[in-house]
Amino acid sequence: MGKRVAVVLAGCGVYDGSEIHESSAVLVHLSREGAQAEVYAPDVDQMHVVDHVKGQPTQEKRNVLVESARIARGNIKDLAQLDVKGLDALIIPGGFGVAKNLSTWATQGKNCTISREVEDVLKAFHAAKKPIGLCCISPVLAAKIFPGCELTVGHDTECEKWPYAKTAETMKELGCKHVNKHVTEIHVDVKNKLVTTSAFMCNAPIHEIYDGIGKMVKEVVRLA
């Protein structure tokens, strides 16, 4: 039997949900590794809905579980139903939904709160010593919950290639060790069983993002 890996989504679309290419890459690489993905999302309203053409919020209301179901092709469960006992690992792709719907990082930064359901799930996998894979912005969840952990969101010096590098500085302020890595590389916190990669935190070609996520998934499955 292949490993059973929970994939937690935060909606559908980079600006208000899960990043679609990252989510798809996670599912493809899990399949390649012979693992079984089980997709979950919280049954809550999104913080807001963003028009992805204009990049502007709209008056629309959307539900995180309903939107995430688009990526999961309908095969998805409410996060409240997740039972860590039957699962071997956890992966949370990036996208602004992580910082808007799974936490309040987008508006409050290091002073954010994390959704109780999401925090409980992360702590349950961590307590069971089961690996957790995080990419793009989602390592901030671990930074907030697991003080002193080691993570990467890419580089800590802002430039055209690394437009979100200030995130690394904020994570250091939370007491984490940030490790600079290229987009095709991962960092493994052996003690906490955290595997992270930068993905779209880097202004890189999409195949490099795909490859970095592949390394993260492969290591998560190996650790499981």
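Fair warning: this is a prediction, and the values are worked out from it, not measured in the lab.
Partners of Tyr15 under the ring pair (Phe, Tyr, Trp, His ring centres under 6.0 Å) rule, at least two apart in sequence or in another chain, are His52. Here His126 pairs with Phe146 under the ring pair (Phe, Tyr, Trp, His ring centres under 6.0 Å) rule; sequence neighbours left out. For Glu185, there are no salt bridge (Lys or Arg N to Asp or Glu O under 4.0 Å) partners at least two apart in sequence or on another chain. Remark: Arg4 engages Glu38 in a salt bridge (Lys or Arg N to Asp or Glu O under 4.0 Å) (not counting sequence neighbours). Residues passing the salt bridge (Lys or Arg N to Asp or Glu O under 4.0 Å) test with Arg62, sequence neighbours excluded: Glu60, Glu67. Checked against ring pair (Phe, Tyr, Trp, His ring centres under 6.0 Å), His187 has no partners two or more places apart in sequence or in another chain. With sequence neighbours left out, Lys166 forms a salt bridge (Lys or Arg N to Asp or Glu O under 4.0 Å) with Glu158. For Tyr210, the ring pair (Phe, Tyr, Trp, His ring centres under 6.0 Å) partners two or more places apart in sequence, or in a different chain, are His29.
Screening residues 78-96 for salt bridge (Lys or Arg N to Asp or Glu O under 4.0 Å) gives Asp83-Lys85 as the qualifying pairs, with residues at least two apart or on separate chains. Contacts classified as salt bridge (Lys or Arg N to Asp or Glu O under 4.0 Å) and involving residues 123-138 (residues at least two apart or in different chains) are given here: Glu119-Lys123. Residue pairs meeting the salt bridge (Lys or Arg N to Asp or Glu O under 4.0 Å) criterion with at least one member in residues 143-153: none, sequence neighbours excluded. Within the structure, no pair that satisfies the salt bridge (Lys or Arg N to Asp or Glu O under 4.0 Å) test touches residues 18-28, not counting sequence neighbours.
Ile137 is not listed as a side-chain neighbour of Val153, based on a closest heavy-atom distance of 4.5 Å or more.
The backbone N or O of Met171 sits nowhere less than 3.5 Å from a side-chain atom of Lys110 that would complete a donor-acceptor pair. Listed for the Thr107 side chain is a donor-acceptor partner under 3.5 Å among the backbone atoms of Thr104. A donor-acceptor pair under 3.5 Å is absent between the side-chain atoms of Asp51 and the main chain of Gln56, judged by distance alone.
By the 6.0 Å contact criterion, NZ on Lys218 is open, its count of non-hydrogen atoms from other residues, nucleotides or ligands being 12 or less.
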